[in-house]
Engineer: 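This is the structure I have questions about; it appears just below.
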Amino acid sequence: MQALMMTNYGDIKTSLAFQTVPMPVISPTQVLIKAHASSVNPIDYKILRGDFKAFKKIQFPLGIGRDVSGTVVTVGSAVTDFKVGDAVFSRIDDELVGTISDYAVSEAQHTAHKPQSLSHEVAASIPLAGLTALQALVTTANLQAGEKVLIHAGSGGVGTIAIQLAKSLGAFVATTTSTTNVDLLTSLGADQVIDYKQQDYLQQVNDFDVVFDTLGGQYTLDAFKVIKQGGRVVSVSGEVDDTLARELGLNFIIRKLLSFKARKITQAAAQKKATYRMILMNPNGAQLADLGALYEQTKIWPTIDRSYTFANSIEALAYLAQGRAKGKVVITH
Ligand SMILES: NC(=O)c1ccc[n+]([C@@H]2O[C@H](COP(=O)([O-])OP(=O)(O)OC[C@H]3O[C@@H](n4cnc5c(N)ncnc54)[C@H](OP(=O)(O)O)[C@@H]3O)[C@@H](O)[C@H]2O)c1
């Protein structure tokens, strides 16, 4: 089969190549999916450029891409929820990486039936970004109706879904973006759209229950200026907190180092009697099915910025890496 492969650490134009690779062999708990669409996420180009080298070394060549929508062509002997011919979508496990390819392997527990009303292109836009929004706002922040949430980078792949998910929960949503995306985010239902090119968001919001920090750095620290006493800050781009460090199984010395790196955040959180969590999203088929239902009920509308062909998937990654995507960038196979 044909697959886009990472050939070494480097940049998008020089370290990716289409290769003919053997058909994957699945285990009893997995399904093999003929890919009809995939989508790209910042983690794809961040891994390629070596951002996570210190944590995990890559054996090249290695596939790229984590989101897929397609048709099941083989099921493992222990799989009961899926059969050959089913239309499915998935955020595949990191160990199985490679969805910008003719076929992809997914654990059955990470897979969900694709809602009939959604195209494969739309379904492929959902998994990683949608699960991130859900696990940040619902699983971690436990966002409630009537609460106020600030969502940074509302126009990104994660943000466009997070805004609509938070609205479907009944929250008041403020979000940050640049001038050109203000109308888009208003149309997605955001109650307060702050144009960071024109306004200092710190002057526009205060006493919030939750901040969803997708930007990291100073934004993480400043989240504690915006939340009320006892508020919650959930980050997907900030410093690793001790809960995540333990979940990752990091040893005591590394945990101490990380805790030192995060000390300003810990202090800011303590002053506000607030909680701080940094999360890494997890693949989850049941949650993906819940998200699919929200799209089917039109509580969430897909925001697809650009769609590329499989042959042009390197351009898809190059576009995403510019950091200006409005919603998701998808690939049709
Ligand atoms: N920890 C995890 O499990 C996890 C999971 C998913 C994503 N992430 C991380 O979360 C981040 C967002 O992911 P994504 O998929 O949404 O990325 P993305 O789609 O590439 O985000 C692009 C958007 O970010 C906006 N943006 C950039 N700088 C901004 C700023 N200073 N203020 C407000 N908006 C800004 C841009 O809007 P403008 O053009 O208007 O500036 C653009 O629309 C990435 O760093 C990603 O790696 C982490």
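Hydrogens, waters and symmetry mates play no part in the numbers below; they use all other heavy atoms, side chains included. Remember, it's 1-based here, ligands and their atoms both numbered in the order they're listed.
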Engineer: Please report whether ligand 1 has a polar contact with Leu280, defined as an N or O pair separated by less than 3.5 Å (distance criterion only).
Structural biologist: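 Between Leu280 and ligand 1, no N or O pair is found under 3.5 Å apart.
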Engineer: Which ligand 1 atoms, with their elements, are less than 4.0 angstrom from a heavy-atom of Leu215?
Structural biologist: 28 (N), 29 (C), 30 (C), 31 (N), 32 (N)
Engineer: Could you tell me, atom by atom, which parts of ligand 1 come under 4.0 Å of a heavy atom of Thr214?
Structural biologist: 10 (O), 11 (C)
Engineer: Please determine if Ser155 has a nitrogen or oxygen closer than 3.5 Å to a nitrogen or oxygen of ligand 1.
Structural biologist: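 In this structure, Ser155 places an N or O atom under 3.5 Å from an N or O of ligand 1.
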Engineer: Among all protein heavy atoms in this structure, tell me which lies nearest to atom 3 (O) of ligand 1, with the distance rounded to 0.1 Å.
Structural biologist: Met281 N, 2.7 Å
Engineer: Any atoms of ligand 1 less than 4.0 Å from a non-hydrogen atom of Gly156? List them with their elements.
Structural biologist: 16 (O), 19 (O), 21 (O), 22 (C), 23 (C), 43 (O)
Engineer: May I ask you to list the atoms of ligand 1 that are less than 4.0 angstrom from any heavy atom of Thr177?
Structural biologist: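 Atoms satisfying the 4.0 Å criterion: 40 (O).
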Engineer: Are any of the N/O atoms on Ile43, whether in the backbone or the side chain, positioned under 3.5 angstrom from an N/O atom of ligand 1?
Structural biologist: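 By distance alone, the answer is no.
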Engineer: Does any N/O atom on Tyr45 come nearer than 3.5 Å to any N/O atom on ligand 1?
Structural biologist: no
Engineer: Using a strict cut-off of 4.0 Å, indicate which atoms of ligand 1 neighbour a heavy atom of Ile279.
Structural biologist: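 Near Ile279, the atoms of ligand 1 are 1 (N), 2 (C), 3 (O).
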Engineer: Just need the protein heavy atom nearest to atom 4 (C) of ligand 1, so name the residue and atom and give the distance.
Structural biologist: Val236 CB, 3.7 Å
Engineer: Just one of Asp81, Val73, Val75 clears the side chain to side chain contact (heavy atoms under 4.5 Å, CB included) bar with Val31, so which one?
Structural biologist: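 Per the side chain to side chain contact (heavy atoms under 4.5 Å, CB included) rule, the option paired with Val31 is Val75, out of Asp81, Val73, Val75.
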Engineer: Closest non-hydrogen protein atom to atom 36 (C) of ligand 1, residue and atom name please, with distance?
Structural biologist: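 Nearest protein contact, heavy atoms only, for atom 36 (C) of ligand 1 is Gly323 O, 3.5 Å.
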Engineer: Does any N or O of ligand 1 fall below 3.5 Å from an N or O anywhere on Leu128, backbone included?
Structural biologist: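 N/O-N/O distance below 3.5 Å does not exist for this pair.
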Engineer: Identify the protein heavy atom lying closest to atom 17 (O) of ligand 1, giving its residue, its atom name and the separation to 0.1 Å.
Structural biologist: Pro42 CG, 3.4 Å
Engineer: Between ligand 1 and Lys326, is the shortest N or O to N or O distance under 3.5 Å?
Structural biologist: no
Engineer: Please list, in number order, the atoms of ligand 1 under 4.0 Å from a heavy atom of Val158.
Structural biologist: 6 (C), 7 (C), 13 (O), 14 (P), 15 (O), 16 (O)
Engineer: Is the closest N or O pair between Asn181 and ligand 1 shorter than 3.5 Å?
Structural biologist: yes
